[in-house]
Structures are given as structure tokens and as C-alpha cells.
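Quick note on labels: first sequence line is chain A, next is B, and so on, each numbered from 1.
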Amino acid sequence: MNLKIYNTLTGKKETFEPLRHGKIGIYVCGITAYDRCHIGHARSAVVFDVIVRYLRAAGFNVTFVRNFTDIDDKIINRAREEGISTEELAEREIAHFYEDMDALRVRRADVEPRATGHIPEITSLIQRLVDRGFAYESGGDVYFSVRRFPDYGKLSGRNLEQLMAGARIMPGEKKADPLDFALWKAAKPGEPSWESPWGKGRPGWHIECSAMSMKYLGETFDIHGGGLDLAFPHHENEIAQSEAATGKQFVRYWVHNGFVTIKGEKMSKSLGNFITIRDILEGFHPEVLRLFLLSKHYRSPLDYSADSIREATSALGRCYNALREAAQIISSSFKKQRPLPTHVKESAAFILSLKAKVASAMSDDFNTAQALGYLFDSVRCLNRIIEGARKRPSCLYGDLLRECCGVISEVSAMFGILQEDPDRYIEACNIAALHASGLTLEELDSLIEERNMARRERNWARADEIRDGLSQKGIILKDTPSGTEWSADL
RNA sequence: GGCGGCGUAGCCAAGUGGCUAAGGCGACGGUCUGCAAAACCGUUAUUCCCCGGUUCGAAUCCGGGCGCCGCCUCCA
């Protein structure tokens, strides 16, 4: 398997070679625990969740680390506003994070370190930088001397002159140079603080990721990921700190996901145009959100809209519908052993080749959009087989469909979709639609009964009137040989 | 201003030098049906923002233009 990854550091797609054969260390910047997560956070989490699932499916032994920033200015300010401690705030928001991620079927990382749990590692890394002349103490703060690190800017493609244009010293900072950034911040009255060689204080934002990633993955490791907005200054500073301290390359492949936008603009707290994960999950199944997030390549911007979520809902519903029909055929026993038609065999062959196709799409810089295209192709093939079974039943269909569904299910697992029992998924949609229609089940049943009476009397006008009325309320009727069924309009 | 990204059908979206430009949503026609729904079959971009260039050959490479977005301050 030749895996290609786009590396922000070089600006190119490169063939991936792990540092140690068969093993991968990956660190992804997690959240700052001060507020609810929005769809942008969901994208980053789901994208790296799928990347890790894929790497494991490809046979790599992956160590996945994702941190929590549980102390910083935003947390201090928000805690003060709410009149609670920073610990309480961080604990609550980490719990909310898990609530959202569990709902989204995002798996836990192998190590989930927190900044406040790694103060000794952080201070000793800062000490190392001071000892090597890359950092200096100033009035209880410690700063990194950007000009001492010649490679500064190599990740984000900037040079020092460009950076000087926008750099300035904020009031209260004690930098020697406007480009320098804080490694350690002296405690202000009332702020949480830890002991250090420079007095009481707390870590700057960037240093925690260097200290924790190197602790768990080594001084050089394979993949570091995060949102594109972290590339500068956060990841640039991580490189500077880490490489200045160790003299070694810090990270081999930098992977950044694109933003979620809304009406073309970046979704962000400051613009106030964000939609929380919890908001979405009130109206849609978590797999719908996952499908939506994976439907575009991870590096491109992804525009959120109510319509695009509805499209994902329809597409997912179509897949579940096929899986349910397949399950029905599998569970029914046909006596006749008719040979399978050619087009059925061809469809099955396509499905059986799905794993290889998806693996090939994923090996090209994690092309989930292309991979999902193959999955949808397979669902059409599955429907063709189902149609074949309905037209000319044969006992040969049971095993064939079981095998095909198994492949589809296994491949979907990598994306974290189609993992529900189809009956239960569809039933849940139906219940939601019934609820939204404002009808009770009894009212619906009696309308269906009334319509069937009208149909028996060949009163098509009345029958259609009832069906159209229900359709407007989001309930679709389907007349089958075994009676009338109702379902949600997916 | 500096740096970076993007512009493919009605909408969403793969494809980055050469087989018929994936797939999804929608729409339309056919099969099925009392009519529908679901499903299947077919149609829906002779063409990939515009203009030049390289090449036997470009959506794909190069130059220029137009438009949109992001980073340069906290941000997934």
C-alpha cells in the first residue's frame, strides 16, 4: 500500500513512510475546554477519527494522542464570568465534548493528556530552552526568542520581515522582541498557578502541545494534525520550541483540515455564526452529520447549510433502505435453486471489490469523497441484487446478500456510518416523522384504514386525498402486496 | 499589503496530462402500480470562471485576468 499524504510543511502530496516500520504516532490538537463544540470541531474530530480508523485498517499500529487545553486566557475569563473555578469549567466542557463525540461515534484517543496534568514536563521543556539560549525570563514570564530559531516560518511560509508588520507588544507583556511568544506566564492575582523556576505561573498555549506530544510519541513523530487555523501561529511555534529544544525534526507530516463555512464564511465563535453539535443532533442522526462532514475532501472548505444536511439524510436513508430489504431477503427461505442472472453476479462482484476500491481512494490523501462514491455505487448494486431476488427468488440469494452486506458494513465502519440496525434506524426516522406530523399513531392508522376502504370501493379521489394530505405532513404511504406501509419522507 | 486556497451540471462534489468528466441531492421519461411510493433502467456538463501559451493531446501544466474565501490576533 502506497499511502500519499499532503504535508503542509512541504506543500506537496508525499509518500508516507513511518518513522518506525508498521507504527505510527499521531498527535491532534484538541479543544480548549471553555465552551460547547460546533460543527467545525466536529469536522476535525470526525476527519481524524476516520484517518486513524483507516490507518489501523491498513495494518498500522497507531498511537493516537489528542489533548485538552484546560488552562488558558479564555478559560480563565469564562470561568470568571460564570463565577466558577477554571477546573469546574474545564471539567464541564470536557464532559460536554465527550457527550458530543460519543454521539458522533468519534472514538477516544489512546492518550488524552491535559495541560494541567503535565506541568513538570512543560517546565522542564522550558528550562531546556532557557539553558540552550532560546528562551529568557522577564518579570516572571518566559518568552521564546523567535529570532534565535532560523527556521521560524517554515510551516506557514512566512519570514520574519512579514511577521514584523503585524507584530506588536500587548500591554502587560514583557517581550524583548515583538515576535517572541510566551512559554510561561506569571500568575496575576486570583489566577490559577503552578510553581516553576520562574515563580508562580501557568504555561503559554503552545508549549503544552510540544511537551505532551514528545512525552507520548517521542521527540520526532509521524503525524501532527489539527484545523488549518492552527497552522499559524500555534503549530509554527510548536516546531520552533520543539526543534530548538531537541535539535531534531519535530514532526514529519503536518495534516490540516479545512474549515466549515456557513454562507461561505468561516464558522467561528467570534463571528457568532456557529451551530453546535448538540443543535444538529437534535434534528438529525449523528451518522447524517458524519456523512455530511466526509462528503468533501478534508482539506477543502465545507459549506454548511440546512439543504446539505437534508441531502445527506436522503442519501443515508437510501442506504439503510437497501440494507433493510437485503436483510428481509436473507431471512426468508427460498426453496428453488435457480441460477443467478449475469447482472446479479456482476453487481455482487462489484460489491466484493469495494474494500480494495475504498482503500485505494483513502490511500490518496484520505479521499473520503471518492471512497463514499464507491460505497454508493455498491448500494445501487445491492439494490440490483435485491430486485433480482424479488423477481426470480432463489435460495442462492441468501448467502450472496449476506456476503455483500458484510462487505458494505465493514467498509462503512471505517467512516462510522451504516452501523445501526436498518430496522431500528428507519423506525427511528418514522417515529420522528410521525411526531413532526402532529398525528398520533391511532389517527394515522385510522386514516390509512379509511383510505384502504376508499380503495376497496375504488374511490380513488378520496384515497389520493388522504395520501396527499399525509405526504404534505412528511408521511409517505406505500401500498405493498402485504398491505399499506407508512414511512418518513427521507 | 504579504502568504495560501478555491472557481467542474439546477445544487453538492470526485477527478490534476490521454479509456464514455465518479458519486450524492433534485428534475424529467420508462418499468412496476388503480394512481403513487420504493427500487431498477434511461435522460440531465461535446465540456470543466475568462483569455492566451506549452503539448500529438489539458478540466488537469504555464502566463495573464475576473470572482470568492482563509491566514497574517484567540480560533478545529
Phosphate contact (B:C40 OP1 or OP2) by A:Lys391 side-chain N/O below 4.0 Å: no
Phosphate OP1/OP2 of B:A36: any A:Arg455 side-chain N/O under 4.0 Å: no
Test ring-ring contact (aromatic ring centres under 6.0 Å, His included) applied to A:Phe16 and A:Phe366, A:Tyr253, A:Tyr54, the passing residue: A:Tyr253
Distance flag, aromatic centroids of A:Phe68 and A:Tyr98, threshold under 6.0 Å: yes
Residue closer to the 5' end of RNA chain B, A:Gly40 versus A:Arg299 (nearest nucleotide): A:Arg299
Strand partner of B:A59, provided both Watson-Crick or wobble distances fall under 3.5 Å: none
Aro-ring/base stack A:Trp460-B:G34, d under 5.5 Å, angle under 30°: yes
B:G15 OP1/OP2 closer than 4.0 Å to side-chain N/O of A:Asn367: yes
Touch class at under 4.0 angstrom, heavy-atom based, for A:Arg384 against every strand present: sugar-phosphate
Residue-phosphate contact under 4.0 Å: A:Lys266 side-chain N/O, B:G70 OP1/OP2: no
Face-on cation placement of A:Lys74 at A:Tyr34 ring, 6.0 Å and 45° thresholds: yes
Least distance between heavy atoms, A:Leu89 atom then A:Ile75 atom: CD2-O, 3.5 Å
Cation over ring face, A:Arg66 and A:Tyr27, 6.0 Å, 45°: no
Mate of B:C11 where both pairing distances stay under 3.5 Å, Watson-Crick or G-U: B:G24
Touch class at under 4.0 angstrom, heavy-atom based, for A:Phe259 against every strand present: base
Between B:U73 and B:G7 - P atom distance, rounded Å: 28 Å
Earlier contact from the 5' end, RNA chain B, for A:Ala463 and A:Arg310: A:Arg310
A:Arg318 side chain near B:G24 phosphate (N/O to OP1/OP2, under 4.0 Å): yes
B:A76 phosphate, OP1 or OP2, under 4.0 Å from A:Arg66 side-chain N/O: no
Donor-acceptor pair (no angle test) under 3.5 Å: A:Asn159 side chain, B:G2 base: no
Span that lies between the P atom of B:G15 and that of B:C68, in whole angstrom: 25 Å
B:C35 to B:U31 separation - P atoms, rounded to the nearest Å: 10 Å
N/O (side chain, A:Asn383) to phosphate O (OP1/OP2, B:C40) under 4.0 Å: yes
B:C11 to B:G2 separation - P atoms, rounded to the nearest Å: 33 Å
Pi-cation contact, A:Phe274 with A:Lys269 (under 6.0 Å, within 45°): yes
Distance test, side-chain N/O of A:Arg458 to OP1/OP2 of B:C35, below 4.0 Å: no
Touch class at under 4.0 angstrom, heavy-atom based, for A:Asn257 against every strand present: base
OP1 or OP2 of B:G34 under 4.0 Å from side-chain N/O of A:Arg451: no
